[in-house]
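One structure is given below, encoded as structure tokens.
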Amino acid sequence: MNGQGLRVAVVVARFNEFVTRQLLNGALDTLSRHGVREEDIGVAWVPGSFELPVVAKTLAQTGRYDSVICLGAVIRGETDHYEMVAGQSAGGIASVGLETGVPTIFGVLTAENMDQAINRAGGKSGNIGSNSATAAVETARLVQSIK
Ligand SMILES: O=c1[nH]c(NC[C@H](O)[C@H](O)[C@H](O)CO)c([N+](=O)[O-])c(=O)[nH]1
């Protein structure tokens with residue numbers, strides 16, 4: 001897929017930064033491999049995954065981006081906070097894409113523990129950030145071809 005000329009925003013949560021920084025690295029590396037120019041990529045950090053949707057929507061509404069990638073890591077703790085954050089983050093991110101028409105990619109890793117998270121952030125199970133970048137390029141090009 002040729003990503004040349006695509007403008008992509010990446011919103012990344014700082015919570016569990018040890019993991020989310022690896023997701024970001026995977027996404028940026030894959031965007032580059034698809035030909036997306038560095039100057040066409042915007043990165044915004046938010047406190048946690050719960051804040052991903054509002055910043056993603058703001059970026060999508062600027063009209064400056066062909067796709068918005070949301071990256072986070074929600075890891076189960078002792079409380080049910082995990083369910084709330086994961087659920088609201090997923091629902092909010094889906095709404096951004098539907099409300100704005102800008103492909104908004106769900107790259108929020110949900111894991112039972114840190115080992116699972118690390119395995120999906122560049123470990124033996126791949127990198128959710130990289131997968132999200134590929135989805136962003138493909139979906140942006142598809143939406144462009146339909147319009
Ligand atoms: O991105 C995450 N945010 C988390 N909480 C913070 C949340 O996203 C908001 O930043 C916070 O609630 C303030 O709105 C997490 N947990 O609490 O478990 C988590 O695992 N991952």
Side-chain angles (χ1 to χ4, degrees), residues 1-77 81-111 114 116-123 125-147:
M1 247 160 301
N2 181 9
Q4 189 139 16
L6 285 180
R7 301 157 304 162
V8 180
V10 185
V11 192
V12 49
R14 199 173 300 114
F15 203 105
N16 290 320
E17 185 180 351
F18 173 72
V19 176
T20 61
R21 186 164 292 280
Q22 295 310 315
L23 298 179
L24 177 62
N25 291 341
L28 295 177
D29 177 60
T30 301
L31 287 173
S32 172
R33 289 169 190 273
H34 281 301
V36 179
R37 292 186 295 259
E38 195 171 340
E39 59 265 29
D40 290 334
I41 300 170
V43 178
W45 286 87
V46 295
S49 295
F50 191 83
E51 285 75 36
L52 289 169
V54 64
V55 173
K57 185 170 184 177
T58 306
L59 288 164
Q61 288 176 324
T62 62
R64 291 202 303 267
Y65 297 102
D66 301 300
S67 183
V68 180
I69 298 169
C70 296
L71 301 176
V74 182
I75 300 172
R76 189 182 294 278
H81 197 51
Y82 163 96
E83 310 288 346
M84 300 296 149
V85 171
Q88 291 301 318
S89 171
I93 290 166
S95 300
V96 171
L98 294 173
E99 288 165 11
T100 66
V102 176
T104 305
I105 308 303
F106 181 67
V108 177
L109 197 161
T110 53
M114 187 57 84
Q116 278 187 12
I118 292 168
N119 282 337
R120 288 160 180 76
S125 302
N127 188 314
I128 298 280
S130 176
N131 300 350
S132 299
T134 298
V137 170
E138 180 175 351
T139 313
R141 284 296 186 217
L142 178 58
V143 166
Q144 283 178 339
S145 70
I146 294 167
K147 283 182 178 174

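Hydrogens, waters and symmetry mates play no part in the numbers below; they use all other heavy atoms, side chains included.
In this structure, the side chains of Trp45 and Glu17 come closer than 4.5 Å at one or more pairs of heavy atoms.
Side chain of Ser32 to backbone of Leu28: no donor-acceptor contact under 3.5 angstrom is found. No donor-acceptor pair closer than 3.5 Å links the side chain of Glu138 to the backbone N or O of Ala135.
Of all non-hydrogen atoms in Gln4 and Asn2, the two that sit nearest each other are N-OD1, 2.7 Å. Listed here is the closest heavy atom pair of Ile69 and Ser132: CG2-CB, 3.8 Å. Between Gly72 and Ala13, the closest heavy-atom pair is CA-CB, 4.1 Å. When all heavy atoms are compared, the tightest approach of Val10 to Leu31 is CG2-CD1, 4.2 Å. Shown here for Ala86 and Thr110, the closest heavy-atom pair between the two residues is CB-CG2, 3.9 Å. When all heavy atoms are compared, the tightest approach of Val55 to Ala44 is CG1-CB, 4.3 Å.
Here His34 contributes atom NE2 and Arg141 contributes atom CZ; the two are 11.5 Å apart, rounded to the nearest 0.5 Å. To the nearest 0.5 Å, atoms CG (Asp66) and OG1 (Thr139) are separated by 12.0 Å. Atom-to-atom distance recorded for Thr100:OG1 and Tyr65:OH is 13.5 Å, nearest 0.5 angstrom. Expressed to the nearest 0.5 Å, how far CG of Asn119 lies from CD1 of Ile128 amounts to 11.0 Å. The line from OG of Ser67 to CD of Gln144 is 10.0 Å long, rounded to the nearest 0.5 Å. Within the model, atoms CG of Leu24 and CG of Asn127 stand 9.5 Å from one another, a figure rounded to the nearest 0.5 Å.
Within 6.0 Å of atom CZ in Phe106, more than 12 heavy atoms from other residues, nucleotides or ligands are found, so the atom counts as buried in its surroundings. Within a 6.0 Å radius of CD in Glu39, more than 12 heavy atoms belonging to other residues, nucleotides or ligands are found.
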Worked verdict on Val68 versus Val96 for side-chain contact (heavy atoms from CB on, under 4.5 Å):
CA-CA 9 Å; Val68 180; Val96 171; 5.9 Å; no

Does the pair Arg7 and Asp40 meet the rule for a salt bridge (Lys or Arg N to Asp or Glu O under 4.0 Å), with working shown?
CA-CA 5 Å; Arg7 301 157 304 162; Asp40 290 334; over 6 Å; no

Please assess Val74 against Phe15 for the test side-chain contact (heavy atoms from CB on, under 4.5 Å), listing each intermediate value before the final yes or no.
CA-CA 8 Å; Val74 182; Phe15 203 105; over 6 Å; no

Evaluate the side-chain contact (heavy atoms from CB on, under 4.5 Å) criterion for residues Arg21 and Val12: first the C-alpha distance (whole Å), next the side-chain angles of each, then the deciding distance (0.1 Å), finally the verdict.
CA-CA 8 Å; Arg21 186 164 292 280; Val12 49; over 6 Å; no

Before giving the answer on side-chain contact (heavy atoms from CB on, under 4.5 Å), spell out for Cys70 and Thr104 the whole-Å C-alpha distance, their side-chain angles and the decisive distance to 0.1 Å.
CA-CA 7 Å; Cys70 296; Thr104 305; 4.0 Å; yes

